[in-house]
Amino acid sequence: MSKKAAKYVYSFDELRLAERAAGSADGVRALLGGKGANLAEMAKLKMPVPPGFVVTTEACKAFLAAHERFPKGMWEQVMKAIGGLERATGKKFGDPRNPLLVSCRSGAKFSMPGMMDTVLNIGLNDEVAQGLARLSGDERFVFDAYRRLLQMYGSVVLGVPGKAFEELLSGQRARRGVWNDADLPTEDLKAVTAAFKKLIEEQARRPFPADPFEQLELATQAVFRSWNGKRAFDYRKAAGIPHDLGTAVTVVTMVFGNLGADSGTGVATTRNVTTGEDQLEGDLLMNAQGEEVVSGARITLRIGELARLLPAVDRQLRRIVHVLEKHYRDVQDVEFTIERGKLWMLQTRNAKRTAKAAIRIAVDLAKSKLISKAEAVRRVAPEHVDYFLHPQLDGAVCAKARDEGAMIAEGLNVSPGAAIGQIVFDADTAEHWAKQLKKKVILVRPETRPEDVHGMLAAQGIVTSRGGRTSHAALVARQFGIPAVVGASTLEVSAERKQMRTPGGKTLKEGDWLSIDGGSGEVFAGKLETVVPDVTDPYLVALLDWADGFRRLGVWANADYARDAERARRFGAEGIGLCRTEHMFFEPERLPIVQSMILAPGAEQRAEHLAKLLPMQRTEFAALFKAMDGLPITIRLIDPPLHEFLPSRDELHRSVVELETRIRLGEGDRAALESQLSSKRRLLESVQAMHEQNPMLGLRGVRLGILMPELVRMQVRAILEAACACARQGVKLKPKIMIPLVATKAELRLQRELLEDEARKVLKEQGVKVRYEFGTMIEVPRAALVAGELAEFAEFFSFGTNDLTQMTFGISRDDAETGFLSEYLHQGLLAHNPFASIDLDGVGQLMETAVRLGRARRKSLEIGICGEHGGDPASIAFCHRVGLDYVSCSPFRVPVARLAAAHAALADAKA
Ligand code: PEP
Ligand code: MG
């Protein structure tokens with residue numbers, strides 16, 4: 001008994017059957033492809049769609065799996081469907097007396113514009129062309145259609161290079177002395193048709209098939225095959241579309257826009273997809289076929305002209321697109337053809353749009369109740385929000401610059417936004433040029449160090465040739481919203497010679513102009529133009545407001561100073577999750593005091609220097625408390641290794657050798673040189689004594705607090721003295737004091753006892769009641785595993801996922817991304833960069849463990865994250881799932897985090 005063949009072909013009026021087979025609207029799109037499903041949908045809505053049918057993606061998959069053989073029964077179903085078209089149109093496939101012509105178009109579940117193949121005008125041959133010419137009375141039109149079929153068929157189906165056809169056409173144009181194909185007379189098109197047939201026969205070693213059914217069969221195979229073409233494969237890889245979906249083939253009765261002045265063709269979007277304004281936008285070409293509108297060969301008319309040329313068609317089109325937008329509840333991008341005054345809809349799909357338009361459209365659609373507020377929030381992507389926060393390089397300008405070879409390097413896109421400025425190679429020059437000379441500068445360094453911060457802050461943008469996503473340069477840049485590209489490793493940067501060489505051999509010097517795109521990681525030579533988006537855009541404000549209503553996670557910011565805190569609040573931050581106090585030590589006027597404090601020979605001298613630092617920190621903390629006015633503030637005690645505050649060992653070494661040489665050669669004032677030498681030697685000795693092979697795994701965090709208790713005591717004193725002063729002025733506050741890099745319960749207990757002692761002392765002295773909390777960072781895998789024990793001594797946890805990732809993988813966060821990690825990513829050994837997005841399997845498990853153990857020991861334990869991952873949408877979704885209380889990120893990521901947290905909550909509600 002033979003099994004009944006599966007159904008592989010659906011005509012446009014069989015949408016119900018397809019729905020039944022596929023189970024859902026999404027299933028129908030997967031089965032019929034987006035184009036086929038939407039054409040069937042339009043037919044159901046009684047819109048003027050030319051009769052047609054779809055050969056399913058299932059057929060494509062079966063074809064590709066069976067060494068390019070159609071599945072059993074498919075072709076018979078196609079023949080039957082052609083019969084259906086013949087009945088619907090009253091025409092006949094291959095009949096010169098009244099011929100039916102069809103197009104054969106690709107169409108997968110997800111739109112892949114231009115990535116697969118399409119053949120138009122199938123059904124034409126010499127006899128049919130003669131017949132059609134008699135029928136239409138327009139021989140020129142017929143031979144134009146015929147040569148297009150030969151051209152498309154030859155290249156797509158028979159593999160003749162497209163260039164060969166183009167050369168024949170341009171030869172004909174040259175002989176006739178015209179620029180456009182539209183100006184070639186009938187006899188020229190006939191000659192081209194003959195030449196194309198000859199070309200096919202020569203190059204494909206077979207004649208163009210005259211049988212329309214054979215044309216259709218081979219074209220269908222070619223479209224199926226194009227699913228695995230290189231273009232399509234690469235596109236899917238980049239767009240994250242699975243490779244096993246297959247494409248459908250949509251066969252549609254041809255309608256012609258090139259049949260005279262009352263014919264035409266066009267494309268339109270139901271709203272302006274650049275700005276989001278609610279007005280029909282599009283292009284129109286009278287007396288033309290579809291591809292001419294997109295190819296740009298002829299100058300198009302604005303869609304508004306249709307009202308003047310064919311007012312009734314214009315009214316009908318506007319009615320249709322209005323219904324389509326309502327039906328799909330989204331902005332549509334349509335293609336249509338007008339054949340002798342009759343409108344035909346050829347395609348509709350959700351329109352692609354800019355970030356600005358995406359937000360405005362989502363808000364407008366929700367306000368007009370077409371979609372819910374939740375849907376509006378869901379439809380806006382984090383990168384759409386990001387766009388509003390930074391000036392951007394103009395897209396067209398960038399493309400031109402790329403074409404002209406002005407793109408000189410690509411690095412990691414660590415801090416979005418565009419920056420344009422003159423190159424400087426050191427921080428002092430950056431600051432001098434920016435502040436005194438009022439120049440815009442880009443600081444270019446091999447890498448940055450804490451002592452470069454003043455120059456980084458003065459710069460429009462930062463470029464480094466070394467360093468990764470959590471390198472110093474990246475961290476500072478993101479925190480301050482300075483566009484930055486780091487790890488542009490093909491640039492040879494020589495800070496000493498104040499120049500850099502590009503891989504193309506160009507040398508750029510101090511003062512030359514540079515433009516960078518921190519969103520894409522591109523670096524351009526020269527001064528490119530930017531467009532400045534608006535952060536107070538009312539649509540953005542409304543959308544983020546709605547997002548806040550859906551999210552459960554709090555969104556806090558990493559901010560060290562009052563000015564950052566104020567900005568973070570403007571962007572919607574509800575607290576400070578990380579104030580890195582050591583950043584205050586790097587201020588130029590404070591650094592010498594910090595250095596003297598570190599190098600002090602005894603406790604007494606050290607106390608002297610600490611006493612000088614105390615009022616400085618107190619002032620900063622008071623300003624921070626006032627800026628946040630009652631919102632939670634987490635202040636982390638000193639973390640980096642102390643030698644980071646000292647001059648570099650290598651530089652000191654060089655100075656010592658240089659001084660020794662000058663003394664030996666008898667240069668300069670010997671006494672002065674010797675005094676300099678002895679002080680440099682002392683300094684070098686101290687620096688050498690503190691030298692560590694692996695400072696990132698050395699005397700950092702709580703270890704510093706344990707070895708140098710007076711330093712952290714001073715910090716706690718500064719925090720609480722500032723808190724008392726603010727409380728007296730009526731500022732509400734509850735500082736959260738955070739102890740970093742803890743690995744054991746003993747460390748935390750010891751440190752907490754010490755600091756509690758200082759805290760009680762301060763409150764007693766001040767006579768003010770201020771509530772405060774102690775907590776710790778979970779940055780070492782061991783801390784996550786013993787989180788229950790740590791929770792005994794911590795009222796809150798904050799995941800320092802920069803360190804936690806570094807220590808879990810054993811990959812240095814500063815070096816990895818420009819080293820082997822990029823190779824790992826390239827080879828697919830890692831699916832994504834764990835420093836950008838939390839590694840769920842490893843680091844994520846540790847986090848889950850810490851949350852579970854911590855909350856089991858202390859129910860009220862508040863848990864957040866303050867590593868760079870706190871601003872990454874995928875990581876935010878994970879933080880939501882494991883039940884963190886808040887995420888903390890740089891102020892400029894706050895709006896993105898608000899949206900991502902809402903997305904996470906909405907996904908939860910849906911699941
Ligand atoms: C972290 O490690 O994730 C963190 C926030 O601390 P830092 O980046 O200052 O080491
Ligand atoms: Mg850390």
Say you draw a straight line from [atom1] of [X] to [atom2] of [Y]; how long is it, rounded to the nearest 0.5 Å?
{"X": "Ile420", "Y": "Ile516", "atom1": "CD1", "atom2": "CD1", "result": "9.5 Å"}
{"X": "Asp394", "Y": "Thr530", "atom1": "CG", "atom2": "OG1", "result": "8.5 Å"}
{"X": "Ile462", "Y": "Ile442", "atom1": "CD1", "atom2": "CD1", "result": "9.0 Å"}
{"X": "Ile241", "Y": "Arg236", "atom1": "CD1", "atom2": "CZ", "result": "8.0 Å"}
{"X": "Leu457", "Y": "Ile482", "atom1": "CG", "atom2": "CD1", "result": "5.0 Å"}
{"X": "Arg552", "Y": "Leu906", "atom1": "CZ", "atom2": "CG", "result": "12.5 Å"}

Heavy-atom count around [X] [atom1] within 6.0 Å, excluding the residue itself: above 12?
{"X": "Arg497", "atom1": "CZ", "value": "no"}
{"X": "Phe809", "atom1": "CZ", "value": "yes"}
{"X": "Lys440", "atom1": "NZ", "value": "no"}

Evaluate the ring planes of Phe892 and Phe571, with Trp represented by its six-membered ring, and classify them as parallel (under 30°), tilted (30 to 60°) or perpendicular (over 60°). perpendicular

Parallel, tilted or perpendicular: which fits the ring planes of Phe586 and His583, with parallel below 30° and perpendicular above 60°?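 Ring orientation, 0 to 90° scale: tilted.
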
side-chain contact (heavy atoms from CB on, under 4.5 Å) with Asp639: which of Glu582, Glu644, Arg580, Met777?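 Looking at Glu582, Glu644, Arg580, Met777, the match for Asp639 under the side-chain contact (heavy atoms from CB on, under 4.5 Å) is Glu582.
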
Under a plain distance cut-off of 3.5 Å, with no hydrogens placed, do [Y] and [X] share a side-chain donor-acceptor pair?
{"X": "Tyr561", "Y": "Glu587", "result": "yes"}
{"X": "His454", "Y": "Asp428", "result": "yes"}
{"X": "Ser888", "Y": "Asn558", "result": "yes"}

Counterpart residues, side-chain contact (heavy atoms from CB on, under 4.5 Å), relative to [X] (two or more places apart):
{"X": "Pro503", "result": "Thr490, Leu491"}
{"X": "Glu410", "result": "Met407, Glu522"}
{"X": "Glu651", "result": "Ser648, Arg654"}

